[in-house]
Amino acid sequence: MTVRTRFAPSPTGYLHIGGVRTALFNWLFARQHGGQFILRIDDTDVARNIDEALEPILDGLRWLGIDWDEGPGVGGPYAPYYQSQRSDRYAAAVEQLLASGHAYRDYATPAELDEERAAAQAAGKPFLYSRRFAAFDEATAQRYQAEGRAGVVRLKMPREGVLVIEDAVRGRVEFAWEREQDHVIQRADGSCLYHLATVVDDHDLAISHVIRAEEHLSNTPRQAFIGQSLGYPLPAFAHLPLVAEPGSRTKLSKRKLEKYLKNQDFKQVMDHGLKIAERIGLSPEADTFNPVIVDFYREVGYLPWAIDNYLALLGWSYDDKTEYFTREELIRCFSLERINSSPASFDPKKLWAVQDTMMVALPVDEKLQLMLPFLAKAGLLSDPPSPEAVATVREVIVAAGDRLKVAGDILVYADFFLMDEPPMDEAAVAKRLAKPGTAALLKAYAAAVATVDPFEPEPLEAALKQVVGDAGAKVGDLVHAVRVAVSGKTVGPGLYESLAILGREKSLARLTRALPLCGDG
RNA sequence: GGCCCCGUCGUCUAGUGGUUAGGACACCGCCCUUUCAAGGCGGUAACACGGGUUCGAGUCCCGUCGGGGUCACCA
């Protein structure tokens, strides 16, 4: 049997991190078995601007390297892959269900339904529709229609027996049929509902494995009933544990950003992203600038594989120690059997750590390619950038070393090399230049800088220690002052490396420029 | 509330009857130090509870408690 899996997003305008995990697992499973991974768009109930709402989702998946064999943009033998274009298939299925007696036309009004629901609740019983306004024959249907009632189509669910599902993650799960509602599958206007559409599509697209989040587990009986009634073989099911909120077991939701920001780890990731966004002219108010949404990570400069690798570990593990995988390794190692069944909370700190490890391991030139666009967006590079500027950035990347965690971090470490007169941070000036004697030290070091040869980190360091020693001062007094004088702020790559990159002329100019800012300057 | 799912360090997890209950992130401490979500070393920390079964239970069974999902003419 060919393995065919699918990810079926609804065009909502954003890619949720939990959705990515689902897509990833489907993709991994298909790739591992040499099967196909299909992208189908569940747009049965969405407004017209589908392209606009879909593009961010497709972009996100592409960025993450989750490629699809069939679906939007690539087509495929089972096209179309949009539910909105398959309605004739659903209508046919409804007719078939009606003809075989597995569904019926129903003419109850919403008010009448509410009444029944309320009565059941008052009696403390679970609600089950009485089928009071069901029309099992044409005459009845016409009578109701004559009354002006609008008819929907409902499933005629079995009222006894049990359904047994063999779930790849959860094992054997049983449901009593008598608890299942007669769900509506077609509206009065003829449009069809999700459950019907999904089952028909999964069958039509020859989906072999339905791998989805646990929230769909309780939807399985009605879908199994639809499939059975239509004569479809049941696909294999795997219900993934929910991706939960940081430090909680509740389903992660894009709408609860405010709440998550009270979590320190989450807030730290957000704030860090905000700082980068600010520099590249990104609106922090944007709906998608949210660590629950994939766009956030792309915009800030995370590595897509870090996201994939981290997410693979949410609800799945290979063994007791392996945590880092290449794409090929993950495809080889993945298995449904090793998926966990308990909810896994999203831990932004751990994601950060994975990102950190991968960024550190990235070759310098790859970092360079990743980081250049951020500098361009911040207006720190011309378009195209001059070879000199690119060379400088490369040197900064080497000097900054492990400090660059995401591509956007380059803004903090490289900006002052690329500016003619970097702004002086007031707090930094107050903290590092105010101390009496600083101006004299700076002046003395400037004199050394003017003659140091070669203009490299070691001699620059030796010269600084010499100046400090001669003045009877502490190394810290000068080091911090020089950093602020030269960069305008307190953080940056190693100081001597910074000076070397800056060059003698600029270093001197900045040292001189800072003199008047010193407390006793 | 009904139904269903879940329950090992704060978090992600390993563990398939016999382990000093392992790893990772976080956290704490120490060291290094010229900044830092830099680096090095070390440490604290878990089987929800109660009954069984068994020579032996984190692992099997039952119950309790706790958490979550779902109960739409949304997907």
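A quick note: this is a predicted structure, and the numbers were derived from the prediction, not measured. No hydrogens, no waters, no symmetry mates; every other heavy atom, side chains included, goes into these values.
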Could you tell me if Q145(A) and Y107(A) have a donor-acceptor pair between their side chains, going purely by distance under 3.5 Å?
yes
For the residue pair R154(A) and H183(A), confirm or rule out a side-chain donor-acceptor distance under 3.5 Å.
no
Expressed as a whole number of angstroms, how long is the span from [X]:[atom1] to [N]:[atom2]?
X	N	atom1	atom2	value
R179(A)	G1(B)	CZ	P	15 Å
E174(A)	C3(B)	CD	P	14 Å
E215(A)	C74(B)	CD	C1'	12 Å
N219(A)	A75(B)	CG	C1'	9 Å
I165(A)	C5(B)	CD1	C1'	14 Å
N340(A)	G7(B)	CG	P	8 Å
Y318(A)	C12(B)	OH	C1'	19 Å
L495(A)	A38(B)	CG	C1'	15 Å

Salt bridge [X]-[Y], side-chain N to carboxylate O under 4.0 Å:
X	Y	value
D319(A)	K321(A)	no
E112(A)	R132(A)	no
D287(A)	K254(A)	yes

Contact class for [X] vs. all strands (heavy atom < 4.0 Å): base, sugar-phosphate, or nothing?
X	result
R338(A)	sugar-phosphate
K125(A)	nothing
H216(A)	base
R249(A)	sugar-phosphate
H239(A)	nothing
R170(A)	sugar-phosphate
G401(A)	nothing
S342(A)	sugar-phosphate
G476(A)	nothing
P493(A)	base
R40(A)	nothing
V491(A)	base

Rounding to an integer number of angstrom, what distance separates [N] and [M] when you compare their [atom1] atoms?
N	M	atom1	answer
C73(B)	C61(B)	P	38 Å
U16(B)	C28(B)	P	34 Å
A14(B)	G22(B)	C1'	6 Å
G23(B)	A45(B)	C1'	14 Å
C49(B)	C65(B)	P	16 Å
A26(B)	A38(B)	P	9 Å
C47(B)	C60(B)	C1'	16 Å
G40(B)	G50(B)	P	42 Å

Would you check if the side chain of D182(A) reaches a backbone N or O of M157(A) as a donor-acceptor pair within less than 3.5 Å?
yes
Whether S487(A) side chain and R483(A) backbone form a donor-acceptor pair below 3.5 Å:
yes
Hunt down the Watson-Crick or G-U wobble partner of [N], both distances under 3.5 Å, from any strand shown, or write none.
N	result
C74(B)	none
C28(B)	G42(B)
G18(B)	C55(B)
G63(B)	C49(B)

What orientation do W316(A) and F325(A) show, parallel under 30°, tilted 30 to 60°, or perpendicular over 60°?
tilted
Look at the rings of F296(A) and Y302(A) and say which category their plane angle falls in: under 30° parallel, 30 to 60° tilted, over 60° perpendicular.
tilted
Using heavy-atom distances to pick each residue's nearest nucleotide on RNA chain B, tell me which of Q83(A) and G315(A) is more 5'.
G315(A)
Closest-nucleotide mapping onto RNA chain B: is H183(A) or A353(A) further toward the 5' terminus? I mean the 5' end.
A353(A)
Options C6(B), G22(B), A75(B), nucleotide nearest the side-chain atoms of H195(A):
A75(B)
Candidates G22(B), C73(B), U35(B) - which lies nearest the side chain of R483(A)
U35(B)
Think [X] has a side-chain N or O under 4.0 angstrom from the OP1 or OP2 of [N]?
X	N	answer
T250(A)	G68(B)	yes
T44(A)	A75(B)	yes
K251(A)	U70(B)	yes
S317(A)	A14(B)	yes
R187(A)	C74(B)	yes

